[in-house]
2 protein chains.
Amino acid sequence: MKILHHPHREDIQLSSVLHALSDPVRLQIISDIAAGGEQPCNNFDVPIAKSTLTHHIRTLREAGVIQVRVQGTQHIIALRSEDLNTCFPGLLSAILNVGKNTNK
Amino acid sequence: MKILHHPHREDIQLSSVLHALSDPVRLQIISDIAAGGEQPCNNFDVPIAKSTLTHHIRTLREAGVIQVRVQGTQHIIALRSEDLNTCFPGLLSAILNVGKNTNK
DNA sequence: ATTGTTGTACTAATATCATAGAACATTAGA
DNA sequence: TCTAATGTTCTATGATATTAGTACAACAAT
């Protein structure tokens, strides 16, 4: 089985996190996770190809924004809220609160 | 004289702002402005060519992060704190606070 | 076993970005 | 007017990012 690399908390970079979140599709994804808790990839209602979704998921994972856990055929995605709040207090909630009004 | 376009407050996009701030050089720039108030471009202590700095300043300006004002031969750069705090409450301070510890 | 689901890997096309050298424009000041 | 200071524009280049098509592997359900 393939090993999915996740950065350690202390290796999470602000610029990488901001870049990972600077895409509307990825903002949508983390917004969905934040609202509905951890969930498999196929739950996300984004108008893109599967391979493209994989790319975005990987981008978020490698930046340290999400945690990916394998469960059968599914990959369960969870937000690394605790790590993010420790590294960048207030950042995640500030971004997620924006989505509640007019996202994009 | 050249007209410098700035987006209106209501046209500022979260993804664009996050992208503008996802570069170490640009994080440095806004960190400097936040700490020392508005200042001309040549004040920034970044190891890049003038043309590159112009590119970064434009990226920040077009995303709605900074306000550029011409004063003689100088371009004075200011943070659009009020607009950003209105559009994305808490975002700017969360990002700037990170820089106070370990930036990059 | 067969079939369908789920997601990755590989590959490729296209687009965007960061960087900087050179030339140019504008302004201030001597 | 001449010169220095300040930035922009033009252009080019190498690096990444985005997107998707195809194939493949792991698993579930029948």
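Sequence lines set the chain letters: A, B, ... in the order given, protein chains first and strands last, and positions in each chain run from 1.
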remark   = Hits for side chain to side chain contact (heavy atoms under 4.5 Å, CB included) against B:A35, two or more places apart or cross-chain, chain-then-number order -> none

Atom [atom1] of [X] to atom [atom2] of [N]: distance rounded to whole Å?
X	N	atom1	atom2	answer
A:I29	C:dG7	CD1	P	12 Å
A:I77	C:dG7	CD1	C1'	10 Å
A:L4	C:dT8	CG	P	7 Å

inquiry  = What's the angle between the local helix axes at either end of the helix from C:dA1-D:dT30 to C:dA30-D:dT1, using five pairs per end and rounding to 10 degrees?
reply    = 30°

note = In short, salt bridge (Lys or Arg N to Asp or Glu O under 4.0 Å) pairs touching residues 86-96 of chain A with sequence neighbours left out are none

key: Contact list for residues 39-50 of chain A, test salt bridge (Lys or Arg N to Asp or Glu O under 4.0 Å), sequence neighbours left out   = none

Residues from residues 34-42 of chain B lying under 4.0 Å of DNA chain D - heavy atoms = B:P40, B:C41, B:N42

Under 3.5 Å between N/O atoms: give me all the protein pairs with nucleotides 15-19 of chain C, atom names plus distance.
{"from": "C:dA18", "atom 1": "OP1", "to": "B:R26", "atom 2": "NH1", "distance (Å)": "3.0"}
{"from": "C:dA18", "atom 1": "OP1", "to": "B:R26", "atom 2": "NH2", "distance (Å)": "2.7"}
{"from": "C:dA18", "atom 1": "OP2", "to": "B:R26", "atom 2": "NH1", "distance (Å)": "3.3"}
{"from": "C:dA18", "atom 1": "OP2", "to": "B:H55", "atom 2": "NE2", "distance (Å)": "2.6"}
{"from": "C:dT19", "atom 1": "OP2", "to": "B:H56", "atom 2": "NE2", "distance (Å)": "2.4"}

ask   = Given C:dT8, is OP1 or OP2 found less than 4.0 Å from the side-chain N or O atoms of A:T54?
value = yes

query = Within less than 4.0 Å of OP1 or OP2 of C:dT6, is there a side-chain N or O belonging to A:H75?
reply = no

key: Partners passing side chain to side chain donor-acceptor pair (under 3.5 Å) against A:H56 (at least two apart in sequence or in another chain)   = A:R26

task = Would you list the pairs meeting side-chain hydrogen bond (donor to acceptor under 3.5 Å, both in side chains) in which at least one residue belongs to residues 74-84 of chain B, sequence neighbours left out?
result = B:R9-B:D83, B:R80-B:D83

Identify each donor-acceptor pair in which a side-chain atom of residues 60-73 of chain A lies under 3.5 Å from a protein atom, sequence neighbours left out, and give them as a table.
{"from": "A:R61", "atom 1": "NH1", "to": "A:H5", "atom 2": "O", "distance (Å)": "2.7"}
{"from": "A:R69", "atom 1": "NH2", "to": "A:E38", "atom 2": "OE1", "distance (Å)": "3.3"}
{"from": "A:R69", "atom 1": "NH2", "to": "A:E38", "atom 2": "OE2", "distance (Å)": "2.6"}

